[in-house]
Amino acid sequence: MKAGSESFDVVVVGAGVCGANIARRLSQYELDVALVEKEADVSFGVSKANSGIVHGGFHHDRKYLKSRLEVQGAMLFDRLRAELDFPFVRCGILVAAMHEDEMRSVEQLYMRGVDNGAIGIEMCSRERMLELEPKLSPDVVGGLHAPGGGIVEPYRFVFSLVESAQKNGVRLMTGWKLARGQWRGDRWELGSEDGRSLRARWVVNAAGLYADEVSRLLGGEDFAVHGRKGEYYLLDRMTKSRPGKVVFPVPTSLSKGMLIVPTVEGTVLLGPTATSVEDKEDFSTTRDQLDTVLNSARNLIPGISESDVITSFAGIRSFIEEDFYIEVSKRAPGLVQVAGIQSPGLTASPAIGEYVKELLKKAGLRLVEKPGYDPFVPKLPRAKDLGPFELDELVARNPAYGEMVCRCERVTEAEIVEAVRRGHRTLDGVKYFTRAQMGRCQGGFCTYKIIKIIMRETGMGYDEVTKRGPGSRVLKGEL
Amino acid sequence: MRELRYDAVVVGGGAAGMAAALALDSRGKSCAVVDREPSLGGILLQCVHNGFGLIEFDEELTGPEFAERFAARLADSRIATFLGATVLEIAEEGEEKLVFCVSPSLGGLRIRARAVVLAMGCRERNRGNIRIPGTRPAGVYTAGLAQRLVNIEGYVPGKDVVVVGSGDIGLIMARRMSWIGCKVHAAVEILPYPSGLARNIVQCLRDFSIPLYLSHLTTSVYGRDRVEGVEVAPIEDGALQPEKSFRIPCDTVLLSVGLVPENELSKGAGIELNPTTGGPIVDSTLMTSRGGIFACGNVLHVHDLVDYVAEEARRAGLFAADWLEGRRPRKELRVKVGPNLRYVAPGKVDPSRENKLYMRTMIVKNEALFEARLDNAVVKSVKKAHIQPSEMLSLSLGPAELERARPDSMLELSIQ
């Protein structure tokens, strides 16, 4: 062990939505907490590419931990939104039945929702469905309405959580991939792939798709995390087929099906498919799967057009078996496993933070509230949300708000600079923080401007600018 | 917020915007040009190759030279220019248009005018628009972005290049990348004929021995963090042949798969668009469905030569001046898009004066006959040695052809 390696009460491995919630929850107490992430930025794994849904509490039986945490987690989002600055709206969720025989499943979902305590859940006739969502196919026969369901921008949620955690003392280390760990009787000695080391009394394994490898490295339980790939299409905000609510088909035993999500930021997301993958780094999309996405979406809302597609992408959901695996390890000392966080993981994540805090407390971690804890992060003005008069006032204070870098999503230089200063130094990091490059031109007009801002703000050379970390260099030479 | 008042506002300071503004100025109208970039010229500034100005100036210029000639005229005129200023919204208040802009130096700015000329140009279609599946690594650029990086910023986006599509910018960039020492492995075009101008196929591909795969679909991009190649499959008799697919290794993909008029502002202003061109529906005076708002250049329909853009924009500026003087056509005839044509712009003619119409065909043909019929009687016919979708066609029709037109007459253009 190198002298001077830093010592922490808790090291959380993995800065996805679970790790971020856990770290933030622990930042309320007099603890030294580190959050380590193998990627170049937080939320670059499972948390960046998913449907962004706060579920309505009707999909799963309460015998599952995931179902109980879903319901608790969903309730916490309003407070979190007030404290943190991230896009979240309870727009409501519909499940649309297209055949009479699907209404039986809808009835089951309804009963389950009632059982889970989902607020305001209702069974709907065809007329009620079309009244709630006039863009639905006229072939709809009925369905379910869960008004408490909502939509969230998942990466922005993670960014805000991590920012809040950092503000309250959590140390974030990116590009920190766990390579070794040894229990020294009273604490862990952890080493990263690039030779950095840490000491920790507790390790929380929130490593998503790689939680199995982390567990193995630390001598914990032997389990396998599998990947299930989901492909998505994103539609331009100008589409005429944007619904007001999230629209689900009637689920099958395997998945909740392919949905239509009006994202908080105004675009429309279609998907996901569900394919088991061996390679957890296989984020490729295929024509067949994407065609399925489009056809399935058109079945629910016939007006959806491929000419509105601005991009496609794939995410990989992790799963072990039916349920989440959140326990104090029985094999390795000082280890908490937070693994197999499949859907509804995003919805459940705030409750997972709470649950893990309780597990640590029961296992003997002393929790003393920090008097200076501040749950709020300052709200960053976004040009997109402002009228001309408000923007005028803002430019008077900071002229960079007058420089429109991304025309499609209306993102100014001031917002890009803020993203870089907050540590988002890759093109994807800037994209997820600001939305620049996320619109209809997909960076065709603004990428070079963002590259120049990143270089200016960080002092990086052109050959250090990447799309999402090592290996994804953007420029290959200078003239 | 500052407020200014002019007779007309021109949105966009590229070739179209400058030409329209100069026309308004020549008629004594006060006029402002607003552009988001720090200098006038638009995309011309990154087009450092030559081939511009053969019609407009009767000589061959580079893009920046072409832009400079117009910019110099603006500098000598009474036209006000607002650079680095982004137009956020066009609204109407009674007879007046309100153009809201923002810029770092001026903050919010509200310009009042009785006429607006839209000249925002177009944007490139991207990977998502044509839905190429595969991974999402670094190294996929639209050709125009690569052009900007190389010609203005001075960076090389990649060394081993495949061009997807065969639009003009892609062809020009194939040559440009070859010149800076990169290897361009192929251009892959889904159609059986190139999308770019014939002269660019010769000068940019053939002269550099770059293979052009016609009737080939780019089925996938692969590579995890950086592009490692593309997968391509031939299309035979209209059917994709996946079993004949092959891979072309590369570290960079340049997309040149078409241009789309950039009409988000127009939509916001409630202007009706033509689904075929993606540009506003305009009358014989290039006026949109909103009275007093005109459109010209690539925001109206995508042109292949800047010379045509300037010509069309000049007319838009003059028509806007007419509007300001209260002059409107007495009679207009609707133009019907007949066989083998994709669109005609504008969609109406004024039988009392000369009308310049631009159009694109849907077919490739030698010895084609281009016809205008008024109530089924041929009033003009022109022989064309060769036509193809990538080369825009134009036709002038005036009182000589249209004098017999009745109010309910039908004018149809077609290719036989």
Side-chain angles (χ1 to χ4, degrees), chain A residues 231 233-234 238 281-290 306-307 309-314 383 387-396 399-404 407-408 410 412-413 427 440-445 447-448 451-452 462 466-479, chain B residues 1-2 36 84-86 88-89 100-110 123-139 141-142 144-145 148-159 180-182 219-222 224-226 251-252 255 260 262 264 267 275:
Chain A
E231 299 184 26
Y233 266 137
L234 188 69
M238 287 283 182
E281 295 293 317
D282 175 15
F283 290 96
S284 62
T285 54
T286 59
R287 195 157 288 262
D288 285 357
Q289 292 285 312
L290 290 173
E306 65 240 55
S307 61
V309 171
I310 52 179
T311 191
S312 63
F313 63 89
F389 289 91
E390 296 164 297
L391 197 52
D392 185 45
E393 282 172 25
L394 207 51
V395 178
Y401 269 107
E403 185 70 50
M404 205 57 71
R407 59 179 75 172
C408 308
R410 211 167 262 192
T412 63
E413 179 170 347
L427 286 178
R440 62 185 72 86
C441 92
Q442 288 283 297
F445 285 117
T447 302
Y448 75 89
I451 291 173
K452 283 163 71 174
Y462 77 88
T466 65
K467 185 173 185 329
R468 53 166 172 259
S472 63
R473 242 176 84 179
V474 177
L475 301 170
K476 291 269 178 154
E478 217 173 358
L479 286 180
Chain B
M1 190 185 313
R2 271 182 215 227
R36 64 180 109 226
T86 304
L88 302 173
E89 191 188 335
F100 288 96
C101 333
V102 66
S103 93
S105 53
L106 301 170
L109 176 65
R110 181 167 49 185
R123 66 166 176 272
E124 298 176 280
R125 295 178 81 208
N126 57 51
R127 181 179 172 185
N129 299 141
I130 58 163
R131 303 184 289 125
I132 308 178
T135 55
R136 303 194 341 128
Y141 300 90
T142 57
L145 173 57
R148 170 85 204 194
L149 286 168
V150 173
N151 291 346
I152 296 189
E153 309 302 332
Y155 295 116
V156 183
K159 304 283 191 186
I180 60 172
C182 304
T219 52
S220 188
V221 171
Y222 63 94
R224 210 191 90 165
D225 294 320
R226 176 82 197 189
D251 67 10
T252 303
L255 296 166
V260 196
E262 181 125 298
E264 281 63 37
K267 285 188 204 172

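Residue numbers begin at 1 in each chain, while the letters A, B, ... track the order of the sequences.
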(message) At a 4.5 Å cut-off on heavy atoms, which part of I152(B) comes close to chain A: side chain, backbone, both, or neither?
(response) neither
(message) Looking only at heavy atoms and a cut-off of under 4.5 Å, which of A400(A), P388(A), S312(A), A396(A) has the most pairs with chain B?
(response) P388(A)
(request) Find the one option among S472(A), G477(A), S307(A), A383(A) whose heavy-atom pairs under 4.5 Å with chain B are most numerous. (result) G477(A)
(message) As an exercise, state the distance from CG of L109(B) to OG1 of T86(B), rounded to the nearest 0.5 Å.
(response) 11.5 Å
(request) Pick whichever of G128(B), G108(B), G134(B) has the most heavy-atom pairs under 4.5 Å with chain A. (result) G134(B)
(request) Under 4.5 Å, counting heavy-atom pairs only, tell me which of C182(B), G107(B), G154(B) racks up the most with chain A. (result) G154(B)
(request) For each of P137(B), G139(B), A138(B), G158(B), tally heavy-atom pairs with chain A at distances under 4.5 Å, and name the one with the top tally. (result) A138(B)
(message) Can you tell me which portion of I130(B) sits under 4.5 Å from chain A's heavy atoms? Options are side chain, backbone, both or neither.
(response) backbone
(request) Would you indicate whether the side-chain heavy atoms of D392(A) and V102(B) approach each other to under 4.5 Å? (result) no
(message) Could you measure the distance from the CD atom of E413(A) to the CE atom of M404(A)? Nearest 0.5 Å is fine.
(response) 11.5 Å
(message) If I take atom CG from residue D251(B) and atom CZ from residue R473(A), how far apart are they, to the nearest 0.5 angstrom?
(response) 10.0 Å
(request) Give, as side chain, backbone, both or neither, the part of R468(A) having an atom under 4.5 angstrom from any heavy atom of chain B. (result) side chain
(request) Decide whether R226(B) and T252(B) meet the rule of one side-chain donor and one side-chain acceptor closer than 3.5 Å. (result) yes
(message) With a 4.5 angstrom heavy-atom cut-off, is it the side chain or the backbone of E264(B) that approaches chain A, or both, or neither?
(response) both
(message) Show the nearest heavy-atom pair for residues A314(A) and S284(A), with the distance to one decimal.
(response) CB-O, 4.0 Å
(request) Please look at R125(B) and chain A and tell me whether the side chain, the backbone, both or neither of the residue comes under 4.5 angstrom of a heavy atom of that chain. (result) neither
(message) Using the ring-ring contact (aromatic ring centres under 6.0 Å, His included) criterion, which residues pair with F100(B)? Sequence neighbours excluded.
(response) none
(request) Can you measure from CD1 (I132(B)) to CG (L290(A)) and round to the nearest 0.5 angstrom? (result) 12.0 Å
(message) Less than 4.5 Å to any heavy atom of chain A: does that hold for the side chain of Y222(B), its backbone, both, or neither?
(response) neither
(message) Taking side chain as everything from C-beta outward and backbone as N, CA, C, O, which of these in L88(B) sits under 4.5 Å from a heavy atom of chain A? Side chain, backbone, both or neither.
(response) both
(request) Just give me the residue among T286(A), I310(A), L427(A), T466(A) that pairs up with chain B most often, heavy atom to heavy atom, under 4.5 Å. (result) I310(A)
(request) Report the option among Q442(A), E393(A), K476(A) that has the most heavy-atom pairs separated by less than 4.5 Å from atoms of chain B. (result) K476(A)
(message) Using side-chain heavy atoms (C-beta onward) and a distance below 4.5 Å, is R287(A) in contact with T219(B)?
(response) no
(request) Below 4.5 Å from any heavy atom of chain A, which atoms of R148(B) appear? Answer side chain, backbone, both or neither. (result) side chain
(message) To the closest 0.5 Å, what do you measure between OH (Y233(A)) and CZ (R131(B))?
(response) 4.0 Å
(request) Go through E281(A), E403(A), E231(A), R440(A) and name the one with the most non-hydrogen pairs under 4.5 angstrom from chain B. (result) R440(A)
(request) Find the distance between SG (C101(B)) and CZ (R2(B)) and round it off to the nearest 0.5 Å. (result) 11.5 Å
(request) Check each atom of V260(B) against the heavy atoms of chain A and say whether the ones under 4.5 Å are side chain, backbone, both or neither. (result) neither
(message) Which atoms of F283(A) are under 4.5 Å from chain B, going by heavy atoms: the side chain, the backbone, both sets, or neither?
(response) backbone
(message) Please classify the contact of N126(B) with chain A as side chain, backbone, both or neither, using a heavy-atom distance under 4.5 Å.
(response) side chain
(request) Sort L475(A) into side chain, backbone, both or neither according to what part of it lies under 4.5 angstrom from a heavy atom of chain B. (result) both
(request) Not counting sequence neighbours, which residues clear salt bridge (charged side-chain N to carboxylate O under 4.0 Å, His left out) with R407(A)? List them please. (result) E262(B)
